[in-house]
Amino acid sequence: MQNITAAAPKLSDDALSDRVHAAVSELIKSQKLHGGDIIVESRLAEMLGVSRTPLREALQKLEGEGLVVKNGRSFVVRAVGLAEYLQSLKVREVLEGEAAALSAGRVPPAAIKRVRENIDALLAAPVYLPEAHWQSDDEVHSLVCDYAGNPVLAEMIRHLRMVTRLYETLNLADRLIPDATEHLEIIEALESGEAKLARQKAQAHMRSLYKASI
């Protein structure tokens, strides 16, 4: 784990808080901190090389985002069970289908090219890289959100993506080929400008994730 102050010793208070927030968020999303883990602030602050003040500020922000919950005087990493995960996928099927339809034909070619290249690189990697898998996943679903022209819809989808990200999938590597294939179909539909096709491909991807988990 990177010592934040060693890497950038002259950060302002706000910048330091943002760095700590990003670091703890990544620890949770990468499942280095697991659902149900109690966060020992003194230990985590020491590992990050910061005082407890910016860490507490970061944890409060993460609480607002739903990544951690307060349990007495401590913060605990939020745990998402199978039922909530599956329910969230069903809602995402509706919302992301609509967002994909709205985004069809509106995504810049350069953005589509970059995401497609990153999927190709992910598939060509000699070893499986879960961080790269998640990054590619974020990129594809961000295209669906960012170009829908509806910030409220985009924020709802981002929140549900956070919920489903917290579900600790044990067979993530098994999803590499299905995810890459379905993601390419989504971006091809976005590129085509066909709203109906984009909706179908986004919804099919959500159903694929659902079926893989039951």
Side-chain angles (χ1 to χ4, degrees), residues 1-89 91-92 95-96 99 118 129-146 148 150-172 175 209 213:
M1 183 185 302
Q2 184 182 44
N3 184 300
I4 291 174
T5 53
K10 296 182 179 180
L11 291 172
S12 68
D13 290 345
D14 287 345
L16 180 59
S17 180
D18 289 344
R19 285 283 188 94
V20 175
H21 169 268
V24 180
S25 177
E26 183 56 31
L27 288 173
I28 294 171
K29 291 176 179 178
S30 64
Q31 299 178 6
K32 293 182 176 67
L33 287 173
H34 299 275
D37 282 355
I38 297 173
I39 295 176
V40 181
E41 293 181 31
S42 58
R43 185 184 305 163
L44 185 55
E46 181 179 0
M47 293 173 71
L48 294 173
V50 299
S51 71
R52 292 179 65 176
T53 298
L55 177 59
R56 176 55 65 101
E57 291 172 354
L59 290 172
Q60 289 171 344
K61 185 175 180 181
L62 291 166
E63 182 184 19
E65 295 171 353
L67 286 172
V68 302
V69 294
K70 199 73 181 292
N71 184 4
R73 299 179 62 182
S74 301
F75 287 96
V76 179
V77 179
R78 183 180 171 195
V80 172
L82 178 60
E84 184 178 5
Y85 173 73
L86 293 175
Q87 291 162 7
S88 297
L89 286 178
V91 179
R92 282 182 60 189
L95 298 184
E96 292 199 45
N118 288 342
L129 302 170
E131 295 84 1
H133 189 165
W134 281 123
Q135 180 181 344
S136 175
D137 189 76
D138 286 341
E139 289 173 347
V140 172
H141 291 276
S142 290
L143 290 185
V144 171
C145 289
D146 293 346
N150 187 327
V152 174
L153 177 61
E155 184 59 30
M156 292 173 69
I157 292 171
R158 289 191 184 97
H159 173 72
L160 286 167
R161 276 182 49 72
M162 180 276 297
V163 172
T164 53
R165 179 75 177 266
L166 286 174
Y167 178 69
E168 298 197 3
T169 305
L170 298 177
N171 61 337
L172 183 60
R175 286 294 310 177
L209 290 170
S213 301

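Here the closest heavy-atom approach between residue A148 and residue A99 is recorded as CB-O, 3.8 Å. Across S213 and Y85, no two heavy atoms sit closer than the pair OG-CE2, 3.3 Å. Of all heavy-atom pairs spanning V144 and E96, the tightest one is CG1-O, 3.8 Å. What you find for S17 and P54 is that their closest heavy atoms are OG-O, 4.2 Å.
Taking CG of L67 as the start and CD1 of I28 as the end, the distance is 5.0 Å to the nearest 0.5 Å. L95 CG to H159 NE2: the interatomic distance, rounded to the nearest 0.5 Å, is 11.0 Å. We find the CG-CG distance between L33 and L27 to be 5.0 Å, quoted to the nearest 0.5 Å. Between atom CD of residue E41 and atom CZ of residue R52 there is a gap of 5.0 Å, rounded to the nearest 0.5 Å. In this structure, OG on S51 lies 11.5 Å from CZ on R56, to the nearest 0.5 angstrom. Note: Q87 CD to L82 CG = 9.5 Å, rounded to the nearest 0.5 Å.
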> Do V20 and L16 pass the side-chain contact (heavy atoms from CB on, under 4.5 Å) test, and can you show the C-alpha distance, the side-chain angles, and the key distance before you say yes or no?
Replying inline: CA-CA 6 Å; V20 175; L16 180 59; 4.3 Å; yes

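Looking only at side-chain heavy atoms (C-beta outward), V80 and T164 stay at 4.5 Å or farther from each other. When side chains are defined from C-beta on, C145 does not count as touching H141, because their heavy atoms never get closer than 4.5 Å. The shortest side-chain heavy-atom distance between L48 and V24 falls under the 4.5 Å cut-off. I157 has its side chain within reach of L153: a pair of non-hydrogen atoms, C-beta onward, lies under 4.5 Å apart. A heavy-atom distance below 4.5 Å is found between the side chains of L172 and W134.
Checking side-chain atoms of H34 against main-chain N and O of Q31 turns up a donor-acceptor pair under 3.5 Å.
In terms of the salt bridge (Lys or Arg N to Asp or Glu O under 4.0 Å) criterion, residue partners of R175 (sequence neighbours excluded) are, by chain and number, D179, E182. Partners of R161 by salt bridge (Lys or Arg N to Asp or Glu O under 4.0 Å), not counting sequence neighbours, listed by chain and number: D137, D138.
Counting only N and O atoms by type, the side chains of Q135 and N118 include no donor and acceptor under 3.5 Å apart.
For the pair D146 and R158, the salt-bridge criterion is met [side-chain N within less than 4.0 Å of a carboxylate O].
For M156, the CE atom sits in a loose shell: 12 or fewer heavy atoms of surrounding residues, nucleotides or ligands are nearer than 6.0 Å.
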Please list, one pair per line, the donor and acceptor atoms closer than 3.5 Å that link side chains of residues 69-78 to other protein atoms, with sequence neighbours excluded.
unit_1, atom_1, unit_2, atom_2, d
R78, NH2, E84, OE1, 3.4
R78, NH2, E84, OE2, 2.2

